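All values derive from a computational prediction rather than experimental measurement. Chain identifiers are assigned alphabetically (A, B, ...) following the order of the sequence lines, protein sequences preceding nucleic acid strands; residue numbering begins at 1 within each chain.
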Amino acid sequence: MFKDIQQTIEDKIKAYCAANDIPLAALKWTAIPFSGEWGMSTSFFQTAADEVRAGKGKKLPVPQRAQEIAEQVKAEVGGVEGISHAEAVKGYLNVYFKTSDYARRVVDEVLSAGDDFGRGRPKGERVMVEYAQPNTHHSFHIGHARNTILGEVLARLVEFAGFDTIRASYPGDIGLGVITVLWAYDRFYKGQEPQGVHERGQWLLKIYAEATAKLEKKENETPEEAAQRESYDAERREMLRKWDAGDPYVRELWNTTREWSLDELREVLKMLDVNIDVWFYESTAHELGKEIVDELIAKGIADDERPEGPVIVKIDKKLGLSKEKYRTMVILRSDGTALYSTNDLALAKQKFEQYHVDRSIYVVDFRQSLHFQQVFKILELWGFPQAPKCYHLAYGYVTLPEGAMSARRGRVVLFKEVYDEAVRRVLSLETERSGNIPENERVKIAEQIGLGALVYSMLAVDNNKDIVFDINEALSFDGRTGPYIQNAHVRANSILKKANVQAANLQPAAFNFELTKHEIELIEQISRFPDAVQQAANEYRPLVMAAYAYDLANAFHSFYHAVPVLQSEDENIKNARLRLVAAAKQVIANSLRLLDIQAPEVM
RNA sequence: GCCCCUGUAGCUCAACGGACAGAGCACCAGCCUUCUAAGCUGUUGGUUGUGGGUUCGAAUCCCGCCAGGGGCGCCA
């Protein structure tokens, strides 16, 4: 906001420097710290340093010269419309806005834009975010939740920032792991089927863990046990071969169990309010892979070492690098079957050609960093102009205090378990803390709060860090948490409800009284929202929005505590503060929406 | 051997190369007949792993070292 004022001031500074032969460096504006007033700040260190380097000007130390320039420039900007005063401090020029104008402008803009406040102008580019890609025949665990939440929030951010956005999911519905479940189901549990979408999904995970135990080589195993294990393994491999050959029995088995998993996945996505636009499945990507390999060989990018070896791309060599960096990627097995890399290359081509995406974002854990660097480089060699705009959003694992989660050992924390526990905890708190929640909404609100806590805990850590999952921390409702932000929304709503006003029937009001520092801070935070959206989207970092939302809620809580609204001393102040509360509620709601967290009216 | 990530307060984490490195949790001291205490206010707590370098200015950029994690031609 206020780019017009900024531009006016910049023009004045530039004119002054040009007239006085000062080699002005690019101006970077930031907020003024520790001020308690609004304004913006820029420094002249770089300019002073440039001057010294050019041998111009007086021989002053850089900080002193910067201060001198700031003082000179200060005189130029005093009379600008909307500016109250300016000051030169330690080499910085601080420009303060007229509080009443500024406050009114911010609040009016929020109230008129509503849900669209902060939305960026269309950027004319299409971005596809690929996330929510768990394997089927496993249950959805807390690590999948991190992936899905990161991806969804990123999608919401880039969409709101102005990108045409496509959400894509890529479940791994085939592979040896999937076949292992099929085999064990067919061998030991054929015909059984638990009731309930989640129960069925979780049951498959249990079968997987059991099957792995049966197939794993044990210490000190007897010859009989070894023979049994090898025979099981042979059955499993035979089943994979049959699947590949399209055997009707195996395919039918696969389809049925696959649907159980996908049912569970769709249910979880619904709980998280995630709507996937495009579903890619590994099983169908398989078919596409072979052709692109031929194309890459024909173009001289890939080397075919068959039948002795696989099809490979010597990336470093093709790029002319002497040190090993991207290494060599195998893109097709020597027997002609597809690999993960084959599928990803084929899918990327499809994204570019069929979906016309300009940017392609992959939300996948950090262990696959090299894989994606290799894929992106091959896309570049292949000649796709979108290759430089492919981005791997790598995130750390969610581990348990006792170590890594392991589906094979059945040592996983399921999303549904945590969700249920979250709802239980909120319900018991509601009894204690909330008096006025209607009986028929208690569960719904508990779900919103519980999920809010869980989701925020996944977003409040930068994505490149591992999260050691502690349920008490994830489901904390105090301090820097989802419920803290939701509570700010509820309190704002509470005031408006009590005043019996809607955003639509707020009285106009002027902020022509002396504002408290809490009001100033709150308005400052509100005005930051559009920039926070752009920053989070440009850097592909949900954390930026998570941090912003907390700061905003924090400013509101302080305001709420210190500044009376309904008890204001006069009618104009009351109306102005009601507008401010309505604006704050709106921006908190917008922030929560981007974070995929519900904004309840009561809690 | 090579590559990537991480190292900041007791713990969990922030900080476009810029002003006194900030929050939360925990600890301690206050604040509920007053718009919801899932809250507010205050106190305590730091040679940013380490040694150099670049810069007017470094937690941030570059080099070395230490510690932890991950990856490196037919797993995904």
Side-chain angles (χ1 to χ4, degrees), chain A residues 28 30 32-34 41 43 45-46 48-50 52-53 61-66 89-92 94 135 172 175-177 282 305 309-314 323-335 337 339-341 343-344 364-371 373-374 394 396-397 399 426 429-430 432-436 449 453 457 460-462 464-468 470 473 476-488 490-499 535 538-539 543 546-547 550-551 554 557-567 577-578 581 602-603:
Chain A
K28 290 177 289 186
T30 56
I32 305 169
F34 336 115
S41 176
S43 72
F45 297 112
Q46 194 58 55
D50 290 349
V52 170
R53 208 161 294 132
V62 166
Q64 275 183 43
R65 177 58 184 151
V89 183
K90 296 179 186 170
Y92 289 83
N94 295 336
N135 289 340
L176 195 57
E282 204 175 334
E305 297 184 339
V311 180
I312 60 173
V313 179
K314 294 176 178 172
K323 271 204 279 189
E324 54 177 351
K325 170 95 179 163
Y326 301 102
R327 300 163 191 273
T328 296
M329 185 173 227
V330 177
I331 62 167
L332 195 70
R333 286 197 188 92
S334 49
D335 66 3
T337 56
L339 288 155
Y340 189 55
S341 54
N343 301 338
D344 255 336
V364 184
D365 78 80
F366 72 100
R367 294 179 201 213
Q368 295 179 36
S369 296
L370 178 61
H371 167 81
Q373 283 189 42
Q374 292 177 321
Y397 259 35
T399 64
V426 181
L429 263 185
E430 278 180 3
E432 180 188 320
R433 296 185 186 173
S434 322
N436 54 354
I449 308 295
S457 76
V461 179
D462 214 348
N464 53 4
K465 284 196 173 158
D466 286 345
I467 294 178
V468 178
D470 175 334
E473 256 174 58
S476 164
F477 307 135
D478 302 319
R480 205 170 204 291
T481 64
Y484 177 93
I485 302 165
Q486 291 173 311
N487 187 232
V490 165
R491 289 175 125 185
N493 180 61
S494 180
I495 294 176
L496 297 172
K497 202 167 58 182
K498 197 128 187 167
Q535 192 197 341
N538 288 337
E539 297 176 9
L543 170 68
Y550 173 78
D551 290 342
N554 182 239
H557 277 302
S558 293
F559 162 84
Y560 177 89
H561 181 262
V563 182
V565 176
L566 301 176
Q567 311 296 326
R577 286 180 177 158
L578 275 172
V581 169
V602 291
M603 67 188 275

Task: Per-nucleotide protein contact string for nucleotides 69-76 of chain B (B base, S sugar-phosphate only, - none; heavy atom under 4.0 Å) - done: -SBBBBSB

Under 4.0 Å, heavy atoms only, any strand: does [X] hit a base, just the sugar-phosphate, or nothing?
X        : answer
A:Tyr560 : base
A:Asn94  : base
A:Asn554 : sugar-phosphate
A:Val602 : base

TODO: Identify, with sequence neighbours excluded, every residue that meets salt bridge (Lys or Arg N to Asp or Glu O under 4.0 Å) alongside A:Glu539.
DONE: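 Checked A:Glu539 against salt bridge (Lys or Arg N to Asp or Glu O under 4.0 Å); matches are A:Arg541.
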
Open item on the list: Requiring both pairing distances under 3.5 angstrom, list the stems that contain RNA chain B and are made of three or more consecutive Watson-Crick or G-U pairs.
Closed with: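 Stems (3+ consecutive pairs) listed as B:1-7 with B:66-72, B:10-13 with B:22-25, B:28-31 with B:39-42, B:49-53 with B:61-65.
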
Which pairs, protein N/O on one side and nucleotides 63-66 of chain B N/O on the other, fall under 3.5 Å?
none

Open item on the list: I'd like the C1' distance from B:C11 over to B:A29, given in whole Å.
Closed with: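 22 Å, rounded to whole Å.
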
Task: Side chain of A:Glu473 (C-beta onward), nearest among B:C40, B:U12, B:C4 - done: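 For the A:Glu473 side chain, the nearest candidate turns out to be B:U12.
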
Task: Short side-chain N/O contact to B:C4 OP1/OP2 from A:Tyr326, under 4.0 Å - done: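 No.
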
Check nucleotides 14-17 of chain B for protein N or O atoms closer than 3.5 Å to its own N or O atoms and list the pairs.
{"residue": "B:A14", "atom": "OP1", "partner": "A:Asp462", "partner atom": "N", "Å": "2.7"}
{"residue": "B:A14", "atom": "OP2", "partner": "A:Lys465", "partner atom": "NZ", "Å": "2.5"}
{"residue": "B:A15", "atom": "OP1", "partner": "A:Arg541", "partner atom": "NH2", "Å": "2.6"}

Nucleotide N/O to protein N/O under 3.5 Å, stretch nucleotides 54-56 of chain B:
{"residue": "B:C56", "atom": "OP1", "partner": "A:Arg53", "partner atom": "NH2", "Å": "3.1"}
{"residue": "B:C56", "atom": "N4", "partner": "A:Gln46", "partner atom": "OE1", "Å": "3.0"}

